[in-house]
Amino acid sequence: MADLLTTQRLTKNFEGLVAVNQVNFRIQEGQVTGLIGPNGSGKTTLFNLLSGLFTPTEGTVSFLGTDVTRVPPHKRVQMGMARTFQLVSVFDSLTVWENLVLSNIRFKTEQQSLRNFFFASSRRKDIADDCMSSLELVGLESRASSVTSELSYGDKRMLEIAIALSLRPSVLLLDEPLAGLSDHEIGEVVSLIYKVKKNFALGIIEHKISKIVELVDRLCVMNYGRIICEGVPGQVLCDPQVRECYWGKEDNKC
Amino acid sequence: MNSKADVMHGIRPAAKGAVFRDMIIIAAFFVALIPVLAMHRVTDFMIFCIFALSFDLLYGFMGRLSFGQVLYLGTGVYASTLFSLHVSTNPLLAMLAGVLGAAIVAAALGLIVVKLNEAPFALTNLAFNQIGFFLIGSTFQKITHGEDGISSGVEPWGFMDFSNKYFAFCFVLFFLLFTFYMLTRLTRSPFGIIIRSIKENELRVKFLGYDTFSYKWITFTISGALAGLAGTLYTLYVQFVSPTFIHPLNNVEPIFAVLIGGAGNLYGAIAGGVLFMVMRDSLSTHVPQWEWILGGLLLIIVFWLRQGLAGFVRILAGAVSNRLSLRRAAGGGSQ
Ligand SMILES: Nc1ncnc2c1ncn2[C@@H]1O[C@H](COP(=O)(O)OP(=O)(O)OP(=O)(O)O)[C@@H](O)[C@H]1O
Ligand SMILES: [Mg+2]
């Protein structure tokens, strides 16, 4: 299986604090890679380095075989890397529909004339079809014309995922997609992920391990900026080092 | 219930005809102002409204507050004036020269300023405006006659005679409606969605794969060109220009107008433009140091009316329709 996204000895320093320390991480084609670890262990920072929000202090990031360490975020997205954020990030001041136009339109601009881009209505048919299928995927049809700030946190999370999916990624990075959701909403997001995961390689950070353990093919555990263990979930979760940093000394199962 | 047709029906923006309806309302509004304010002032106000609209695109829609928009107004004024004196007296060609001149300056400086945000953006624009003011007022005194000002060389062309106040009114009204129409289409287009999203969270837009720099640069250039358009209309209409048209202090005017009207709302920019000009004109003749009142008004807006006049109208309309539906509900209950 080919590596789509890899890091080599990736390091990020924040004024003395080593948030990510000599990490070799990889996301392989056709796989779901889980990333877990205690609070402050550097998971989000690692995703920020992968997606280009931060530039690393040391080490490199390769995507689809090219070194993207110095490539700005928007180019990485154009190459096929999409992400969501730990705190949901959608455009509150736009309508749900406009949010989807924003993410879908980029694929239309290559073929369409400048005139269309500047003056087309966002209801035009070819744009509308794409947005419509995004809406249907996450079941937000009835909210299409609502201003996004009126949505519940769970609906915003669904919208954020729909936006990421409409970028047609080959690698999708989800940072704690289940955090802050009700059990019902968690069920919806998980089944959405099951529905679409065959289309791309997925990297997912999640504290609620039980919710994703079925989903994940490979699991990595971070602690103090390092990856301390990786492998099949069943094995990793039984590793004594992992059990210690995650659950303290107690031992059950395994 | 949620068929595709239903969803599409509910999606704003509303039908195409609405833009033309709004244009008719705006035209009627300015015609109705003539008996109240005298035609020459209404024409003057409409030019200012075009300038306010150009500023609203930059500030209201893209969220970039500039203290240097007057530079592009002034560039339009001087480029068209100098063109009419040295190249051709044709009014339309002079306009073209003014708009192009402003667009070129905005495109060139935009490459620098658009990389900045917030205070550095505002102040760098102010700095460029200051430089432009000195170039016009002192450095190129030989060509511009500095503080003394200079008469434009534009001459009547066919029926285009700007000393005819009826013609001038119609001509300026046409360009105001044109600007309004273009900006309505632009801000509702996919491009408009991009610049509005840049206002809310530019970094997030980058994570959708957009090179935000180019969109900001295009918007800055369009905004500068429209300010230049307002400038060329001043040249044609006033026929005598001086460095006040490019004075950095005047940057408070479009800022006030757009804040009064409600940033990010094209009707707001027009209403705010008119209201600001009326206040400036009438208050300054009746009240000494009228700027006090302006300052007080700004405080009211900043503290209570963030959305300006447009937001106020929306709140008012909401309250009225609430009342009405309450009354209807009460009436229904008594039957
Ligand atoms: N921009 C920043 N500036 C300074 N320090 C930072 C920055 N971002 C993260 N850190 C620090 O780096 C460390 C790792 O943070 P990170 O957000 O990556 O943890 P995490 O594993 O995602 O934790 P959580 O599970 O709480 O989300 C923390 O100590 C955090 O305070
Ligand atoms: Mg995190």
If I take atom [atom1] from residue [X] and atom [atom2] from residue [Y], how far apart are they, to the nearest 0.5 angstrom?
{"X": "A:S166", "Y": "B:L208", "atom1": "OG", "atom2": "CG", "result": "7.5 Å"}
{"X": "A:T84", "Y": "B:F207", "atom1": "OG1", "atom2": "CZ", "result": "11.5 Å"}
{"X": "A:W97", "Y": "B:I193", "atom1": "CH2", "atom2": "CD1", "result": "10.0 Å"}
{"X": "B:I198", "Y": "A:F91", "atom1": "CD1", "atom2": "CZ", "result": "9.0 Å"}
{"X": "A:S89", "Y": "B:E200", "atom1": "OG", "atom2": "CD", "result": "8.0 Å"}

Counting only non-hydrogen atoms closer than 4.5 Å, does [X] touch chain B with its backbone (N, CA, C, O), its side chain (CB onward), both, or neither?
{"X": "A:D92", "result": "both"}
{"X": "A:L53", "result": "both"}
{"X": "A:V96", "result": "neither"}

Heavy-atom distance under 4.5 Å between the side chains of B:R204 and A:E160, does that happen here?
yes
Hey, are the side chains of B:R196 and A:L94 touching, using non-hydrogen atoms and a 4.5 Å cut-off?
yes
Take atom [atom1] of [X] as the centre, draw a 6.0 Å sphere, and report whether it contains more than 12 heavy atoms from other residues, nucleotides or ligands.
{"X": "A:F47", "atom1": "CZ", "answer": "yes"}
{"X": "A:Y153", "atom1": "OH", "answer": "yes"}
{"X": "A:K75", "atom1": "NZ", "answer": "no"}
{"X": "A:L87", "atom1": "CG", "answer": "no"}

Highest number of heavy-atom pairs under 4.5 Å with chain B among A:P72, A:G52, A:S51 belongs to A:S51
Quick check against the 3.5 Å criterion: does B:Y210 have a side-chain atom that pairs as donor or acceptor with the backbone of A:L102?
yes
Side chains of residues 95-106 of chain B: which donor-acceptor partners sit under 3.5 Å, not counting sequence neighbours?
none

